[in-house]
Each structure stands twice: as structure tokens, then as C-alpha cells.
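What follows is a single structure, written as C-alpha cells, with notes after it.
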Amino acid sequence: MELDDRETASPMNISTPITGNNPEQQQQQQQQNPRGLLDSEPLGITIAVNVENAPEDIRSGLAHIVESHNVPYFVRQSETAAEWHISFEHSSDAVAAGAYQVRSAEGAQLLVLYNRRIDAFRALGQVLTAARAAELNVATNGGDAGALKAPEFTIEETAQFETLALLIDCSRNGVLSLHNVCAMLRQMALMGYNMLQLYTEDTYRVEGEPFFGYLRGGYTQQELRTIDDYADALGIEVVPCIQTLGHLGQMLQWPRYASLRDTNEVILSKLPDTYALLGKLIATVSAPLRSRRIHIGMDEAYGVGEGRFRALFGSQEGTAIFVEHLTRVHEICKSHGLRPMIWSDMLFCLAAKNNALYAYYDQSNNPAEAFNKVEGIPPDIDLVFWDYYHTLPEIYSRKIQQHRELGCESPWMAGGAWTWSRMWCYLPFSFESNRASLAAAKSPTGRVSSFMLTIWGDEGNECDFFSALPVMLYVANHSYTDRAEIDVDFMENTFAAICGGTLGDWMYACRIDEIPSLGDSPDLRSQMPSNMSKWILWEDPMLSFMSPQYDALDLEAHYTQIADRLLGCALSSAPGGRYPLNRLLRMPGLLSRVLSLKCHLREKLVHPYRAGDRAALLQVTETRLRPLIEAHRELWLYHRSRWMRIYKPFGWEPLELRYGGLMARLHTMYDRIVAYALQQPSTSLRRSRAIGVAAGVRSRQPSTSSAHDLPSTISAFGCDDDLWRKPAPLLPPDPDPLSNVYSSNGSGIGPLGEDDDSIVDSIPELEEDLHCIYENSYTSLLLDYARVTTPSRLG
């Protein structure tokens, strides 16, 4: 079964392994794809790791992995009999720096020769992959079962980069818990990453600065020290990654730091107090870590020198302000024995006098001349070129060369796993863009020594960062070969063995942000992959003003199919099975179920409403809107439990407010439509009721005309006919607080002219015609929460 019919959807054409335990499903999938191994099938190979006799520099890290790996391949050498036995030897003579070898020895013995510590752990991950491949070969291709007992193979790889780094955003609400940082470090080690940067704008504690990272769950000195110790055992360097110019709005929002504002996001340069604080930040974040490197940010500092700076110091050239500030921060770093690196975008944007990203990626924009007019960039500052958007290697190669012309002979290259502004990492475009950047970074002309993969959480960090594991693996596999492509079978086997998931199912989950086929329509994918699942989830359900973008598509069937497959896959992932990571597919599965009910809801309500068919309108409300409320609640509860499992609790509140806002709108929508369908008075809308009560909103006194044509419809719902007419037992109607004039039955005319007992005889929102906002774009849109929740702007 192919994941995507479009040839250009991904650099890899991933098939779908079998994961379910249903016999009919297994037989059907075996016919479609003979390469799968069932989740419940026992492992055919166990691997004994000689931890006690391993070289001292990797012994502790090996113990961490053997004890905690989520797929139960490993046992300790002394515990039990095993099929394969693996030992390690550090050898700078047999293997060069960045290389390793795995050799089969007598019997079931395997020997790993390594130079760098990280390559020993990468080798262990590849042994896992070889075990998985051997099992698969025997199970599906009739291969030699003897290979399961006596491995005969050699593995040799050479790292293409001196540094392969992973950056994780811990500033957009989600601060990874200590436990999950360690879990990510183990995955990194088995893949071959030797650097971790935790991006912390203000999410680290600073003594004497209570409003720095106030109520944000920042890391303590002890937590950073623990992370550093754990990483070091795995051969991974932890480098602090902070901000020292822009992206400081979280701090600058507090009155304590008002005097340090240039703009709402940019700190005020030239001011002595600014550098006193920055010195304190740099000293604090670097103190618990072994590394003598530091990332000081300075990206997207739009408006630098244009706020309070201009009022205090006059108008100055942006490049001069930037270089002077960079030089002073560089001096602080040097005083602490630190070598800094910065994001490079502002060098290009300031030179072009253009804050848009277009200026950064404009091939004709070379800032070398502009910066030659000022003192220039300090020579021992590393520049990090970040580009997550392009799919042609030559675009990256040209920009790498422009960085060299700025005086940085060895710039870093940074790619991205598309986790930001969405609910699930978009793997196809992540593969595509990183393939291009890696090709440039490995080419003879563009060759760089350091590559970084970034995982960002913009727009609330709604995405589970662990959904980026396939991208991490793809980049790591590319970083240990000089080839341009990665074998599909190899990727599937490494993902199953190292991560414990079925890559085909994880690729399938990405369909939540892809439109169904439009026949002969052109490929609508853009350089900014759609986040349609996010904006369909959060768009206002009653107004549904984004729905004209997809009214020609059958998204109900699309999302129903996705939900059925992903939820089935997640539920079939048994404890102790082969694919424990597949349980994370529950999130896109539950999301898809919500979207299948929500996507065409307004359209299904408008037709009976305008036709005056109250019974049909009520039926849609009960069979679609009520299940949507229940499905939304289940998604919220699962998302909440997942957040509390992987992040600190701080930062969840903005997302919960989003869920709460949508829940309130769904209940208001339900109450008003039911009141209209049953011709109820508006007072009934003010009454509390339990979630899921089938009666909806009921009037205080039965109306002879409210449901005279509905008994058969109500019976079809399995409800007691009288239930719709009984008084609500919870709260009495609220009198008008603006008037003390009431009728005997509680009605009254307030001074605002409100008739409190008027019958709900219309729903104006359903009378409005909708129009397509982004013509010819369909759902190929990357939109934020504020854009889709309401067409009204606070002003």
C-alpha cells in the first residue's frame, strides 16, 4: 500500500507495515505488503551487551540504553542466554575519527570498533537495525534462520559532519521534563547525534531575577547539570542556546524590565544595564554545563534601534547597532571562556533593509559589502544558516558561499522538522527540505562541518515533539553516508528497531494536513506546508468561515479513514510489543475523528435550516454536533494527559483555553439550535445542564407547538419523548438584572428592550452566505490560531 499517490510527495515512497492483531486485517495487509512483522510477534533475536567489561568512556551510557530501550532487544551479558553478543573496543588506530566498524566474530559475537564515543552508540543502533532486518528476512522472504543465531555481517560508516546537533524548542510553552530529555538523548545517541541544544529564551532559572521566566517552568541549575551528566555519558555535548537581542518578549513584558526595552521583543542595546543582565544570563546558563560553546541567538530582532533606542541615542544604521551589540556580547562570552554562535538572518535582513525572510533567502542579497563598511563580525563567532523551506540544493549552496564571504569559513547549516504551527510533524516536506540542505552541506563546494536539525514549537507548541523522530532518523542516516538518497527498507527497519514504530503508519498520519485527490487538479503543495488540521480544528464552528476553502472536498470521508486506521494502529500497540511508539498515533487519530465530524458541519445545518425543516435540523444536531462535543472532549483529555507526561505543566494553560473556548462555542451552538428546533424561549439558553444530556435545552413550561411534529424523530434517537418537555431540574431562569419589573411568570422587559421570554425563531449565523477568502488555495494554507478562530478583531 503506497502512502501517497503523488510522486513528488516525499523523497521516499514508504509502504505500510502490518501492525494490527485482527486476523482479517492481517491477511489483507499481508497481501498488500508482505514486509511487515506483527506487533505481537515475539522478538526472534535478543542482544546481550557486555556493559560491565565495556570501555569506561561508554559504560554508563550503554547501561542507560540497555535498561531503558523501549523495544526489548537488549539484555545484559550476565542475565540470560542471547542470540547475539556484542562488545566494544576503543581504537584510534583501526578507525578514523567519525568512523566505526561492526565485525562479526566467532559464533554469535559482534565487535564494535570506535573512535568517538557517539559512534559507538550509533553502531549499537545499527546492530539493532541489522537484527530487525534479519528477522524480517526470515519471516517474509524465507531467509536463512541461521542468521538469527550466528550473525555474519560487517557494518562500516563514516560521519559526514564533525557535529550533528539537535535543537529542541523549550520556549514556546512546552519545557521538556527531565525524564523526557533523557529519553530524547537515548534516541539521539542511537542515531548518532553528538550535540543537544535546548532553546531557552527565558526558561532557565536566574538567581535574583524572579521575573525572568516567571511561572514558565524554567530549568534549574541542578536540572541542567543532570541533563549534562546524562548526555555526556552518551557522548553528547549539551550547548546552552539562549537569546541576547530579540525574542525576549516573555521577559520584557514585566515592569521590572521596562527600562531595558527597545521594542516589545528586542532588548535595548548600548545601555550598561542591558549588558549587566546579559552577563548574568550567560554566566548562569553556562555554569552547569561542560561545553565551552554557547548559542546567543540574535535572530529575527526586527525593529532593532527603532524603538526606545532611537529616542535615547538617535537614529543609527541598523548594521552598526547590530555589530556593536554583537561585539559587546562576544566580549562577555570570552570573559567566561565561551565561543559563541548566532543565527545569521539579521546580517542579511539589515543589509537589505528588509525585515522579511525574503531578504534572508534572496539569492542576490549578499551582505558582505554592507558589513565591510563597519568594523565587521568578530572572527571567532560561528554563523548558523537556517533554512527550512527550499527543496533545491543549489539554493542552499549559494547561501553557504555568501556566509563564507562574510568571513565565516565554516558556517553551520540548520534544517527543520516541521513541528511548528501544527498538531503533528509533517514528515514528507521535512524529508524533502532536509534532503536538499544535506546534499548542499555534503557537496564538495558547499561542504560544512556542522549540521543542526531544529524542532520548533511556534504557535503554542501543540505538536508532540516525539512525532519528529522519523525526521531525526532521516537526517542522522544522511549524515553517515555520502550518498544522495536513503534506502526505504533501511529507514523502516531503523525506525522500527531504534524508535519502536512503523514508519508507514507515521507517514500516513501526515495526511491530516493533506487534501484528498482532486483528480486532474495541479499539485497544490506550497513551500509552506499546510496546517489544515489545526485551522479546521480551531475555526469557529458556527461561522465556519474557512469552510469555503474545502467545500469541494469530501473531508468527512478523508478524516474518517485516517481516524479508523490510526486509532486501530494505536490500540493494537501492546505493552512489551514491537511497536510501543505507535501508541502516540492516538493523537492524530483522535484529532481526525474530531475533524471528520466538524469539517462540513455548518453546511449540513444550513440546508435544513433554510428549508425550514426543524426535525432534520435537530437530527443533524443530535447525530453530528453532539458526537463532535464528545469527540472534542476526548481529544482535549488525551492531549492534556500527553502534555503532562512529556512537558512540565507550565505552558499548558494557553492550549487549554483554546480547547475551553471551542467547547463553549460548541455548547452555545448546540443550545441555540435545539432551542430553535423546539421553538424554545431564550431564557432556556441560560440554564445549566450536564454534558451529554440528550434533552438539550428545555423550557420551563411545555409548549404545545414546540415539538408537535417531532415524536417519531425523537424516538429514532432512542430518547423518551417526554424528556424533551420536562422542566430542567438544575437552575431557575435568571431575571433581568437591569430591571425590577417582572411578570408573574418571570418574564420582564428590561430597560434595554430585551424580551426575556421571546421564542428563538432564527439563527442569523446560518443565514449568512460564506465566501472563499483565499481563492485557488484550497487548504494549502499555513494559518495561525488567531486568524481562524473568528473573523472579528479585537480593537
Side-chain angles (χ1 to χ4, degrees), residues 1 3-6 422-424 426 505 508-519 521 524 530-570 585-611 613 616-636 638 662-663 665-666 669-670 673 716-717 765-766 769-774 777-781 783 788-789:
M1 180 183 296
L3 252 292
D4 203 316
D5 295 327
R6 297 175 297 184
R422 61 187 63 247
M423 311 298 287
W424 187 257
Y426 190 64
D505 292 310
Y508 191 86
C510 298
R511 288 191 172 188
I512 62 174
D513 287 322
E514 295 175 355
I515 59 176
S517 173
L518 288 176
S521 298
L524 295 173
S530 167
N531 63 345
M532 59 185 281
S533 63
K534 170 174 176 161
W535 53 259
I536 294 176
L537 171 66
W538 297 130
E539 73 167 328
D540 184 81
M542 181 73 97
L543 300 177
S544 195
F545 64 99
M546 293 298 299
S547 60
Q549 301 293 146
Y550 54 82
D551 58 6
L553 307 172
D554 185 4
L555 292 189
E556 180 178 356
H558 175 68
Y559 283 118
T560 298
Q561 183 180 27
I562 296 173
D564 290 345
R565 173 165 169 174
L566 297 184
L567 291 175
C569 181
L585 294 172
R586 187 176 174 187
M587 178 67 191
L590 291 174
L591 173 62
S592 296
R593 188 166 68 183
V594 169
L595 300 181
S596 71
L597 294 165
K598 188 171 187 280
C599 57
H600 299 296
L601 176 59
R602 185 183 187 277
E603 177 186 345
K604 292 179 180 293
L605 291 168
V606 164
H607 180 73
Y609 172 78
R610 295 185 180 181
D613 190 342
L617 183 65
L618 188 62
Q619 185 172 21
V620 173
T621 304
E622 286 299 313
T623 59
R624 195 174 181 95
L625 181 50
R626 262 187 58 204
L628 171 59
I629 293 173
E630 295 164 3
H632 170 267
R633 184 173 186 272
E634 187 173 357
L635 174 64
W636 158 57
Y638 177 76
L662 179 56
M663 180 67 77
R665 288 295 292 161
L666 289 170
M669 187 178 185
Y670 180 91
I673 292 174
F717 298 149
E765 297 96 323
L766 300 183
D769 292 329
L770 301 181
H771 306 282
C772 186
I773 299 171
Y774 304 97
S777 294
Y778 292 91
T779 59
S780 296
L781 298 165
L783 302 174
V788 300
T789 47

[X] versus [Y]: any side-chain heavy-atom pair under 4.5 Å?
X	Y	result
Arg586	Leu566	no
Thr560	Arg593	no
Pro548	Ile773	no
Trp636	Leu590	no
Gln549	Trp535	yes
Tyr559	Ser533	yes

To the closest 0.5 Å, what do you measure between [atom1] ([X]) and [atom2] ([Y])?
X	Y	atom1	atom2	value
Tyr426	Ile512	OH	CD1	10.5 Å
Leu591	His632	CG	NE2	10.5 Å
Met587	Ser592	CE	OG	10.0 Å
Thr621	Ile673	OG1	CD1	4.5 Å
Leu635	Met423	CG	CE	6.0 Å
Arg665	Ile629	CZ	CD1	12.0 Å

If you look at every heavy atom in [X] and [Y], which pair is closest and at what distance?
X	Y	result
Ala509	Leu585	CB-CD2, 4.1 Å
Ser544	Leu770	O-CD1, 3.4 Å
Ile536	Glu539	O-CG, 3.5 Å
Ala616	Pro608	CB-CB, 3.8 Å
Ser530	Asp513	O-CB, 3.4 Å
Cys599	Ser596	SG-O, 3.8 Å

**Study point:** Met546/Trp538 under side-chain contact (heavy atoms from CB on, under 4.5 Å): CA gap, chis, key distance, verdict
**Key:** CA-CA 10 Å; Met546 293 298 299; Trp538 297 130; over 6 Å; no
Check your understanding: Name the one of Leu781, Leu537, Ile515 that satisfies side-chain contact (heavy atoms from CB on, under 4.5 Å) with Met532?
Key ->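 Considering Leu781, Leu537, Ile515, a side-chain contact (heavy atoms from CB on, under 4.5 Å) with Met532 is found only for Ile515.
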Please check this pair: side chain of [X] against backbone of [Y], looking for a donor-acceptor N/O pair closer than 3.5 Å.
X	Y	result
Arg610	Leu766	yes
His600	Tyr550	no
Glu765	Met542	no
Lys598	Leu628	no
Lys534	Leu783	no

**Study point:** side-chain contact (heavy atoms from CB on, under 4.5 Å) between Arg511 and Arg565, intermediate numbers included
**Key:** CA-CA 12 Å; Arg511 288 191 172 188; Arg565 173 165 169 174; over 6 Å; no
Practice item. Determine, stepwise, if the pair Met669 / Leu625 fulfils side-chain contact (heavy atoms from CB on, under 4.5 Å). Key: CA-CA 9 Å; Met669 187 178 185; Leu625 181 50; 4.0 Å; yes
Practice item. In plain terms, say whether Asp551 and Arg602 are close enough for a salt bridge, that is, a side-chain N and a carboxylate O under 4.0 Å apart. Key: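 No.
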